[in-house]
Number of protein chains: 2
Amino acid sequence: MTKPLVTILDDEPAIRTILADALEEAGFRTLSFSRAAAFEAALKTHKPDVCLVDLGLPDTDGLTLVHKLALEQGAAVIIISGRAQVQDRVTGLELGADDYIIKPFDPAEVVARIRVRLRTPKAATQTGQIARFNGWEASFDSYTLTDEAGQETPFSHAEGEVLRLFLDAPKRLISRAQMQESLGGGAGDSFDRAMDVRISRLRTKLREDPKNPRLIKTIYGAGYIFLGDVQWT
Amino acid sequence: MTKPLVTILDDEPAIRTILADALEEAGFRTLSFSRAAAFEAALKTHKPDVCLVDLGLPDTDGLTLVHKLALEQGAAVIIISGRAQVQDRVTGLELGADDYIIKPFDPAEVVARIRVRLRTPKAATQTGQIARFNGWEASFDSYTLTDEAGQETPFSHAEGEVLRLFLDAPKRLISRAQMQESLGGGAGDSFDRAMDVRISRLRTKLREDPKNPRLIKTIYGAGYIFLGDVQWT
DNA sequence: TCCGCTTGTTACAATTCGTAAGGTTTGGGA
DNA sequence: TCCCAAACCTTACGAATTGTAACAAGCGGA
């Protein structure tokens with residue numbers, strides 16, 4: 001279904017939580033950061049559709065960051081700031097921001113303004129979403145996996161949901177509970193089995209050795225870890 | 001390079017003056033109106049780049065006007081309103097406005113926000129009547145598809161509706177619901193089949209391999225994705 | 001009126017994906 | 001070490017979704 005990806009950059013944990021909850025509720029995928037350094041590192045591997053940026057971060061000048069983002073990324077940039085002076089807003093917008101929201105904000109308005117940005121072609125859900133990892137190439141446009149030899153294997157919507165979850169959080173433990181939530185399945189033992197099957201099918205397409213999986217590793221009693229070196233382009 | 005044209009629609013003369021002065025100072029051409037009727041009449045002869053619209057006009061429902069403007073797609077629409085409720089803003093943005101500025105406003109910010117809109121021009125898709133994609137050429141003048149060898153295949157109105165929908169949103173998921181809405185079909189299981197058939201016929205004309213479609217891809221449970229690299233001329 | 005084209009409808013084939021059932025692995029305890 | 005229960009994997013099956021061929025209704029032109 002290709003949900004749009006929105007990044008949140010703010011040093012206040014409470015604000016990150018509020019935004020992330022509201023955005024996921026509204027049907028977006030989110031990635032949260034408290035520091036510009038971590039955010040910029042993540043941009044090397046992810047390609048967001050919209051970036052929410054707080055000015056006044058401790059480890060960088062927000063405006064410089066905004067300017068850089070606007071120039072380099074295809075993403076729309078929305079500033080969320082406590083600085084309410086008109087002059088701040090004008091320079092923020094001039095430096096390349098697509099919108100400027102003042103704290104305190106209402107999450108519903110943030111969602112609405114993000115949707116507006118996604119409507120216009122600039123950030124309209126980035127096409128050509130391709131992730132590369134360990135010789136594989138996964139295209140979420142054509143729903144195909146391509147191996148090093150160029151051989152294509154289509155993957156289904158359900159498999160894609162799982163794959164995307166992994167590709168968005170490589171080398172991190174993903175608990176079954178998290179997975180259930182992201183995949184929108186009702187809780188219960190029966191959906192547990194359904195997830196197993198999804199993962200099993202995905203493993204088959206990735207040609208994993210059942211005895212010795214290299215990419216999707218099971219952590220008994222805890223969840224899964226995806227071990228690929230992921231790069232989104 | 002001519003100056004961008006901005007229209008101002010507000011029933012308070014003082015506001016019109018302030019805005020017009022600030023905008024012309026900033027290098028825009030402006031047209032001011034106090035009534036929606038006059039504004040809509042002017043649209044027949046002028047093609048503004050940005051429209052500033054006040055809600056709460058005496059002779060029309062502002063939101064309806066905004067919606068109509070947004071659909072006709074030429075210009076960016078910015079609402080300027082005294083109604084400060086979050087809900088007002090959200091519905092305004094949802095109905096198609098590109099920005100929402102609350103009175104009282106600072107003219108400098110209005111100018112900045114207009115400039116942002118001009119930076120990312122809206123797609124002017126409706127002018128092009130010929131689309132090229134992956135060796136094909138689709139003409140909506142003559143309702144024909146032409147392949148690389150120059151061989152023509154006519155397509156019908158119903159097929160054209162589907163094709164246009166795809167060509168306007170390439171590489172994006174189009175849900176069945178969206179499609180039904182755009183194609184004006186009543187909901188219901190029977191129309192669902194009708195849509196399948198339309199798409200099936202279009203696929204035949206595009207010589208898609210049923211086992212492995214390259215252009216119109218089905219996402220089970222979600223909708224369709226058109227994978228061509230589209231260029232309108 | 002007849003003919004051909006378009007388009008919706010019906011019926012059935014094909015695909016996807018959750019569910020059930022049985023097998024395998026894991027890790028702790030005897 | 002062996003045993004066992006819980007956790008996890010895989011296969012097969014069936015309900016839901018989607019594809020397509022065949023038919024019928026509607027329309028316009030000769």
Side-chain angles (χ1 to χ4, degrees), chain A residues 1 143-145 153-165 173-180 182-226, chain B residues 142-145 152-165 173-180 183-226:
Chain A
M1 158 164 62
Y143 279 77
T144 50
L145 274 167
T153 314
F155 58 84
S156 74
H157 179 62
E159 286 152 9
E161 280 190 311
V162 179
L163 180 57
R164 167 155 259 152
L165 201 61
L173 180 81
I174 300 175
S175 73
R176 292 179 88 86
Q178 257 173 286
M179 211 172 259
Q180 260 177 210
S182 291
L183 305 188
D189 187 61
S190 133
F191 188 74
D192 243 32
R193 306 293 95 236
M195 244 171 36
D196 288 348
V197 175
R198 285 194 189 189
I199 287 172
S200 168
R201 285 173 179 149
L202 189 56
R203 275 179 168 149
T204 307
K205 298 210 169 164
L206 288 170
R207 309 212 196 97
E208 292 273 78
D209 173 7
K211 304 286 171 193
N212 181 23
R214 312 213 152 262
L215 286 168
I216 302 176
K217 198 133 188 171
T218 305
I219 311 298
Y220 185 92
Y224 297 92
I225 291 186
F226 183 79
Chain B
S142 58
Y143 275 72
T144 50
L145 272 168
E152 293 188 2
T153 314
F155 59 84
S156 71
H157 176 65
E159 285 153 8
E161 279 190 312
V162 179
L163 182 56
R164 167 155 261 153
L165 202 60
L173 182 89
I174 301 175
S175 73
R176 291 180 89 84
Q178 259 173 285
M179 211 171 258
Q180 254 174 218
L183 306 188
D189 188 60
S190 130
F191 188 74
D192 244 31
R193 307 290 89 239
M195 242 171 39
D196 289 346
V197 174
R198 284 193 189 189
I199 287 170
S200 169
R201 284 172 181 149
L202 190 56
R203 275 179 169 148
T204 307
K205 298 210 169 164
L206 289 169
R207 310 212 196 96
E208 292 272 79
D209 173 7
K211 302 285 169 197
N212 183 21
R214 307 234 142 248
L215 286 169
I216 302 177
K217 198 126 184 173
T218 305
I219 312 298
Y220 181 96
Y224 297 91
I225 291 186
F226 183 80

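First the proteins, then the strands, lettered A, B, ... as listed; each starts at 1. It should be emphasised that the depicted structure is a prediction, and the values quoted were computed from it without experimental measurement.
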Not counting sequence neighbours, list each pair that qualifies as a side-chain hydrogen bond (donor to acceptor under 3.5 Å, both in side chains) and has a residue in residues 194-204 of chain B. B/E161-B/R198, B/R176-B/D196, B/R193-B/D196, B/D196-B/Y224, B/R203-B/T218
Applying ring pair (Phe, Tyr, Trp, His ring centres under 6.0 Å), can you list everything that pairs with B/Y220, at least two apart in sequence or on another chain?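 B/Y220: no ring pair (Phe, Tyr, Trp, His ring centres under 6.0 Å) contacts found.
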Along DNA chain C (nearest heavy atom to each residue), the more 5'-positioned of A/K211 and A/E159: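 Whichever sits nearer the 5' end wins; that is A/E159.
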By nearest heavy atom, map B/G221 and B/A158 onto DNA chain C; which one lands nearer the 5' end? B/A158
When the distance from [atom1] of [X] to [atom2] of [N] is rounded to whole Å, what number comes out?
X      : N      : atom1 : atom2 : answer
B/Y224 : C/dT16 : OH    : P     : 13 Å
B/L206 : D/dG19 : CG    : C1'   : 16 Å
B/D209 : C/dT15 : CG    : C1'   : 15 Å
A/N212 : D/dC9  : CG    : C1'   : 16 Å
A/M179 : C/dG18 : CE    : C1'   : 17 Å
B/I219 : D/dA16 : CD1   : P     : 22 Å
B/H157 : C/dG8  : NE2   : C1'   : 14 Å
A/M195 : D/dC9  : CE    : P     : 9 Å

[X] versus [Y]: any side-chain heavy-atom pair under 4.5 Å?
X      : Y      : value
A/E208 : A/I216 : yes
A/F226 : A/I174 : no
B/V162 : B/M195 : no
A/D192 : A/Q180 : yes

Give me, pair by pair, the N or O atoms of the protein and of nucleotides 1-6 of chain D that are less than 3.5 Å apart, along with how far apart they are.
residue	atom	partner	partner atom	Å
D/dA6	N3	A/Y220	OH	3.2

Quick one: which of [options] gets closest to the side chain of [X]?
X      : options                : result
A/D196 : D/dC8, C/dT9, D/dG19   : D/dC8
B/R193 : D/dC8, D/dT20, C/dT7   : D/dT20
A/V197 : C/dT19, D/dT18, D/dT20 : C/dT19

Gap between atom CG of B/L202 and atom CG of B/L165 - 0.5 Å precision: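 One gets 11.0 Å once the value is rounded to the nearest 0.5 Å.
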When rounded to the nearest 0.5 Å, the distance separating CG of A/L163 from OH of A/Y143 is 10.5 Å
Touch class at under 4.0 angstrom, heavy-atom based, for A/F155 against every strand present: nothing
What contact category does B/Y143 fall into here, base, sugar-phosphate, or nothing, at under 4.0 angstrom with non-hydrogen atoms? nothing
List the residues meeting side-chain hydrogen bond (donor to acceptor under 3.5 Å, both in side chains) with A/R214, not counting sequence neighbours, and say none if there are none. none
Run the side-chain contact (heavy atoms from CB on, under 4.5 Å) test against A/I225 and tell me which residues pass, sequence neighbours left out.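 Here the qualifying residues are A/L173, A/I219, A/L227.
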Nucleic acid contacts of residues 198-205 of chain A, taken as heavy-atom distances under 4.0 Å to DNA chain D: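 Output list: A/S200, A/R201, A/R203.
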List, with names and distances, any nitrogen or oxygen atoms from the protein found under 3.5 Å away from nitrogen or oxygen atoms belonging to nucleotides 28-30 of chain C.
none

Closest heavy-atom contact between B/P213 and B/K211? CD-C, 3.7 Å
Applying salt bridge (charged side-chain N to carboxylate O under 4.0 Å, His left out), can you list everything that pairs with A/K205, at least two apart in sequence or on another chain? A/E159
Are OP1 or OP2 of C/dC17 and a side-chain N or O of A/S156 less than 4.0 angstrom apart? yes
Polar atom pairs (N or O), protein with nucleotides 26-30 of chain D, under 3.5 Å:
none

